[in-house]
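Quick caveat, the model's predicted, so the values are computed rather than measured. In what follows, chains are A, B, ... by sequence order, proteins preceding strands, each numbered from 1.
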Amino acid sequence: MPGARDPSPHDVDEMVLKMSETENPFRYTAALAGEMELRWQQYWAENGTFHAPNPVGELADPDHPRAGAPKLHVQDMFPYPSGAGLHVGHPLGYIGTDCYTRFQRMNGFNVLHPMGFDAFGLPAEQYAVQTGTHPAVTTAANVERYRQQLRRLGLAYDERRSFSTTDPEYYRWTQWIFLQVFNSWFDPELKKARPISELIAEFESGSRPTSPAWSDMSAKEKRQLIDDHRLAYMSEAPVNWCPGLGTVLSNEEVTPDGRSERGNFPVFKRSLKQWMMRITSYCDRLVEDLDTLEWPDPVKLMQRNWIGRSQGAHVDFPIGDDHIRVFTTRPDTLFGATYMVLAPEHELVARITAEQWPAGVAATWTGGHDTPAKAIDAYKKAAAAKTEEERTADGKVKTGVFTGAYATNPVNGERVPVFIADYVLAGYGTGAIMAVPAHDERDYDFATAFALPVVRTIETPEGFEGAYTGDGAVINSADPESGFSLDGLTKVDAKAAMITWLEEQGKGSGATTYRLRDWLFSRQRYWGEPFPIVYDETGLPIALPDSMLPVVLPDTDDFAPRTFDPDDAESDPETPLSRKKDWVEVELDLGDGLKTYTRETNTMPQWAGSCWYELRYLDPHNEQELVDPANEAYWMGPREPGGSGGVDLYVGGVEHAVLHLLYARFWHKVLFDLGHVSSFEPFHKLFNQGYIQAYAFRDARGVIVPAEEVVERDGAWYHGDQKVNREYGKMGKSLKNVVTPDEMCDQYGADTFRVYEMAMGPLDVSRPWDTRAVIGSQRFLQRAWRLVVDEETGQNRVTDEPLDPKSRKVLHKVIAGVREDMGELRFNTAIAKLIELTNTLTPLPRVSREAVEPLVLMMSPFAPHLAEELWGRLGHQGTLAYADFPQADPAQLVADSITYPVQINGKVRGRVEVSPETGEAEVREAALAAVADALDGRTPKKVIVVKGRLVSVVV
RNA sequence: GUCCCCGUAGACCAACCGGCAGAGUCGAUGGACUCAAAAUCCAUUCAGUGUGGGUUCGAAUCCCACCGGGGACACCA
């Protein structure tokens with residue numbers, strides 16, 4: 001019956017809570033924490049406490065306490081706001097940067113710590129399709145939910161600088177950058193991007209000759225030639241088509257086994273006309289500038305691997321009237337090239353294939369076929385039938401067939417047989433190799449299988465079997481006819497000498513190749529930035545002028561992508577925007593009067609918005625410019641000559657090692673070349689935070705049971721009476737082990753949650769979530785609270801009497817330690833030291849202000865609400881966010897005395913206590929005296945005094 | 001297969017340039033307080049550092065091999 005319900009267990013909890021509150025009304029409970037947290041969050045918002053002043057423009061504030069101070073720009077990888085909301089793992093990095101920036105703000109830095117939302121892209125669209133709601137609606141709701149969740153944690157963001165990549169005011173500038181890229185070309189001499197207008201001027205003046213001559217070209221031909229030089233260009237080329245997602249994908253979005261990173265659908269190579277970005281022009285700079293960055297080595301390595309730069313040579317091997325061009329990193333071993341291999345797809349295969357097998361050819365070479373053409377045909381069919389996965393999974397087993405043709409080794413005139421084999425990839429280098437079995441493992445395996453000769457050209461250690469890839473003197477590398485010889489040179493010198501010779505003879509040249517391909521930039525999706533591009537009757541793209549930006553994404557109910565059977569490789573992509581006929585056809589005046597144009601209907605990929613967001617935080621409302629140069633120079637400019645500049649600390653997961661971080665670096669470099677920014681790298685220092693993982697439990701049937709209902713008994717886990725198995729992994733709905741920050745705030749308060757996340761381990765290490773252990777952080781905050789506040793009366797307990805000398809030493813030791821730990825993001829050890837200090841003060845009869853004030857200040861980065869509250873109760877006005885972080889008194893860091901353990905042969909046999917100034921000789925005397933008994937008359941062979949540490953005696 | 005990182009009390013983690021293995025947290029146990037409990041406070045417990053060698057007066061720390069866990073790359077010429 002309504003109004004007469006029995007007390008539920010929930011009510012009982014509340015009664016218990018109320019009872020304990022009435023017993024100790026001023027106790028630091030979750031309820032009290034919640035009340036004061038809300039109050040301080042309001043205070044900060046109302047007072048703009050965390051506003052960071054810009055040098056110029058709308059956000060400039062000369063009266064701000066940190067105006068003109070040294071700057072610190074710290075950023076998190078902004079989240080994609082999913083429909084599921086945050087779990088406790090998500091804000092780990094955000095809390096880390098919040099603690100760090102609060103600390104540095106108190107150290108006098110003008111701190112920029114913004115947060116935004118990466119809200120375009122596939123997942124938002126998929127979520128919208130699932131729920132049948134427009135992505136704009138779901139995205140806005142998700143962003144709002146994230147904002148609330150983050151606000152509740154007391155993160156000190158400058159909220160004026162927050163934006164979402166889906167805001168038209170934001171993507172207006174994403175489109176503007178696209179146009180910058182579109183209207184640029186890469187000058188290979190200067191190795192930088194230049195405005196396309198400068199290229200056109202060179203064409204027109206004839207200083208850069210064209211073929212045919214510029215003046216002989218039609219207007220359309222001229223435009224095509226120009227378009228071919230742009231950094232953003234359209235091309236018909238094999239791309240990754242993913243029917244399951246209904247869109248094409250960039251190489252970076254495809255996993256090594258040929259599936260989509262998102263959704264795990266099959267991906268097929270398909271020739272389609274798509275937008276590309278010429279990231280390959282920047283390969284060298286993207287590799288070399290890694291040296292200027294403070295990034296974790298694994299991330300640098302991943303980028304280097306992905307770019308895959310190799311230096312070597314192109315060499316031409318004559319064959320009939322043709323020649324086969326190969327790329328090799330080992331031109332020094334050219335004399336050892338005993339055969340050649342083409343990729344099965346290589347364009348020369350058909351032309352060079354012989355009509356008949358040469359006399360006496362081995363059966364292994366022919367694959368058992370009558371003619372080379374049949375053998376080749378069969379092999380190509382077999383290769384095509386294999387998936388990428390099968391092709392690589394076969395590992396070391398080398399297959400191939402002979403073409404029946406022979407080419408000529410250009411250095412010594414030897415006839416070398418030409419094979420096709422799938423261990424040579426069509427997409428890398430020239431799709432053809434010279435094979436040097438003596439010094440390349442793959443070639444050696446193939447040569448062994450096909451009984452091909454092995455000629456060593458590098459001195460190989462005695463008894464060495466297989467391919468020797470190490471260093472050594474060059475041998476067997478001389479041509480008696482020409483007199484050319486590399487014999488006796490080192491590997492490095494021989495490479496250089498060979499390249500010089502090849503270039504002199506016109507038989508090859510030094511060359512560098514890359515694994516990186518140009519960035520496929522268009523997607524057949526609705527929820528992305530529209531391209532600021534239209535087409536006229538020629539079908540060639542025309543950039544819209546800045547004045548027409550933004551090109552707003554048109555509203556539609558028909559936003560679902562056209563997807564296909566995931567395995568239907570022959571399906572064709574369809575852009576959702578193309579269905580909006582009234583939007584696609586547009587009348588514009590682009591200079592030649594009002595004409596009808598057709599809009600580009602692809603949208604930009606998810607990565608576009610995150611490619612430059614670090615810049616927009618600097619000047620988020622600037623309508624004239626992407627960012628005012630003065631603001632960019634202040635927040636991101638290089639700090640020393642030749643420095644990269646960029647964000648001072650960028651924190652995020654390692655999963656973006658290649659995708660986001662590579663694309664963002666590329667765009668930033670284009671903007672740098674065009675003079676829009678003074679930094680040539682976007683992120684100077686990168687820190688990869690670990691993940692919070694969680695246990696999940698499965699019952700005997702293999703069904704996941706809710707983790708919170710599982711109890712541990714006698715070393716096993718039970719769900720009710722049922723024994724369950726424990727697994728370790730991600731936190732997620734499907735594993736029924738999600739814990740949300742909201743629950744933690746309800747149960748303990750945001751400060752406790754923050755302290756727990758920071759205390760549970762180093763920021764870069766992944767660890768398991770353990771709700772039961774959170775209580776420890778709450779106890780710490782309760783003890784600290786109790787130092788200041790009498791739990792029964794609410795009175796201030798702090799006295800102005802000086803601290804006792806012993807505790808003072810502890811205080812200053814802790815201050816020194818905490819400062820050091822904070823600077824290096826070692827929050828777990830900093831918190832341990834704060835707990836130590838708290839535990840030192842707890843038993844004291846009177847609590848001295850001398851100790852409590854520094855404690856409160858030092859706790860404030862971790863537990864900001866509690867600290868603000870205590871700071872007020874200690875008699876201060878306003879916020880402590882700009883108070884000075886405590887400094888240790890060096891005089892207090894000197895120990896009164898030092899106890900030296902005295903070791904005899906590595907074992908501690910005694911101790912001596914001396915004053916810190918005691919000289920080495922005296923310590924030695926005292927030590928020997930202390931262990932005289934243990935020495936038992938033996939004379940020490942050696943006595944080692946380690947100053948301040950110990951004394952080691954050897955007998 | 002190659003390369004990189006990590007293995008320390010029952011759990012999470014400290015230990016700086018090699019110098020007494022323990023800062024902190026959870027758990028467990030005992031005590032104080034209480035009629036009792038919760039909460040709180042106090043105390044105790046527990047590893048010789050994955051295994052085996054080596055260097056050293058001295059090794060968790062440096063070197064080598066192996067085992068276990070995580071990650072990167074994986075025919076890139």
Side-chain angles (χ1 to χ4, degrees), chain A residues 16-17 19-20 23-24 27 29 256 296-299 301-302 304-306 308-310 312 326-330 333 341 391-398 421-425 427-436 439-443 445-446 513-516 654 657-658 712 715 728 755-756 759-762 764-777 779-780 782-783 786 791 814 817 820 824 826 828-836 838-839 842-843 899-908 911 940-955:
Chain A
V16 170
L17 196 70
M19 274 170 64
S20 68
E23 273 176 31
N24 277 325
R27 185 172 171 66
T29 60
D297 286 335
V299 178
L301 185 68
M302 279 187 258
R304 285 206 176 89
N305 282 340
W306 189 261
R309 177 165 76 171
S310 9
V326 301
F327 175 72
T328 177
T329 56
R330 296 294 304 276
T333 63
V341 184
R391 204 168 137 160
T392 49
D394 290 346
K396 284 252 173 342
V397 185
K398 295 281 183 288
D422 65 3
Y423 84 92
V424 173
L425 309 174
Y428 184 79
T430 61
I433 61 155
M434 65 176 212
V436 184
H439 303 295
D440 182 283
E441 282 170 26
R442 298 150 303 183
D443 296 345
D445 293 340
F446 189 87
T513 64
Y514 305 89
R515 199 181 86 121
L516 185 71
V654 73
V658 176
E712 189 181 349
Y728 183 54
V755 168
Y756 175 67
M760 64 197 286
D764 54 351
V765 172
S766 295
R767 49 250 143 102
W769 178 262
D770 182 10
T771 298
R772 284 184 314 171
V774 178
I775 188 79
S777 299
R779 286 183 190 145
F780 160 50
Q782 283 174 334
R783 264 174 278 151
R786 221 165 19 240
E791 286 189 342
V814 166
E820 211 181 313
E824 290 164 49
R826 293 197 306 251
N828 53 328
T829 51
I831 289 172
K833 291 178 175 88
L834 293 174
I835 294 173
E836 192 186 349
T838 305
N839 292 352
T842 301
T899 304
Y900 281 89
V902 186
Q903 292 183 345
I904 296 176
N905 291 344
K907 288 199 172 128
V908 179
R911 284 167 207 283
K941 277 191 210 139
K942 208 170 177 184
V943 179
I944 298 149
V945 179
V946 186
K947 199 164 169 20
R949 292 286 184 181
L950 56 52
V951 181
S952 184
V953 182
V954 190
V955 292

Choosing from B/C13, B/G24, B/A72, which nucleotide comes nearest the side chain of A/Asn828? B/C13
The nucleotide from B/A39, B/C20, B/C13 with an atom nearest the side chain of A/Val765 is B/C13
Counting heavy atoms from C-beta on, name the nucleotide in B/C41, B/A77, B/C57 closest to the side chain of A/Ile433. B/A77
OP1 or OP2 of B/U25 under 4.0 Å from side-chain N/O of A/Asn839: yes
Can you tell me, in whole Å, how much space there is between the C1' of B/G18 and that of B/C57? 12 Å
Just compare B/C26, B/C75, B/G24 and give me whichever is closest to any side-chain atom of A/Tyr423. B/C75
Has A/Lys398 got its NZ or CZ under 6.0 Å from the middle of the six-membered ring of A/Phe446, at an angle within 45 degrees of the ring axis? no
Using the C1' atom as the point on both nucleotides, what is the distance between B/A21 and B/C16, in whole Å? 15 Å
Taking only N and O in the side chain of A/Arg826, is any of them less than 4.0 Å away from OP1 or OP2 of B/C16? no
Short side-chain donor-acceptor distance under 3.5 Å, A/Asp445 and A/Tyr423: no
Please tell me whether A/Ser310 and A/Tyr428 have a donor and an acceptor in their side chains that are separated by less than 3.5 angstrom. yes
Using atom C1' of each nucleotide, how far apart are B/G52 and B/C20 to the nearest Å? 26 Å
Given B/C12, B/U40, B/C20, the nucleotide with the shortest approach to the side chain of A/Pro901: B/C20
Side chain of A/Arg911, base of B/C20: donor and acceptor closer than 3.5 Å? yes
Any strand is fair game: report the nucleotide pairing with B/A38 by Watson-Crick or G-U wobble, both distances under 3.5 Å, or none. none
Distance test, side-chain N/O of A/Gln782 to OP1/OP2 of B/U40, below 4.0 Å: yes
I'd like to know if A/Lys941 reaches the base of B/C57 with its side chain such that a donor and an acceptor end up less than 3.5 angstrom apart. no
Quote, to the nearest angstrom, the P distance that separates B/C41 from B/A9. 27 Å
Does A/Arg767 place a side-chain N or O at less than 4.0 Å from the phosphate oxygens OP1/OP2 of B/C13? no
Given B/C26, B/C57, B/C13, identify the nucleotide with an atom nearest to the side chain of A/Pro762. B/C13
At less than 4.0 Å, is any side-chain N or O atom of A/Arg779 found next to OP1 or OP2 of B/G27? Yes or no. yes
Counting only side-chain heavy atoms from C-beta out, which of B/A23, B/G19, B/C13 sits nearest to A/Thr829? B/A23
Closer to the 5' end of RNA chain B via nearest nucleotide, is it A/Lys833 or A/Pro768? A/Pro768
Between A/Trp306 and A/Tyr514, is the ring centroid distance below 6.0 Å? no
Using atom C1' of each nucleotide, how far apart are B/A72 and B/U55 to the nearest Å? 32 Å
Closest of B/C26, B/A77, B/G19 to the A/Leu950 side chain is B/G19
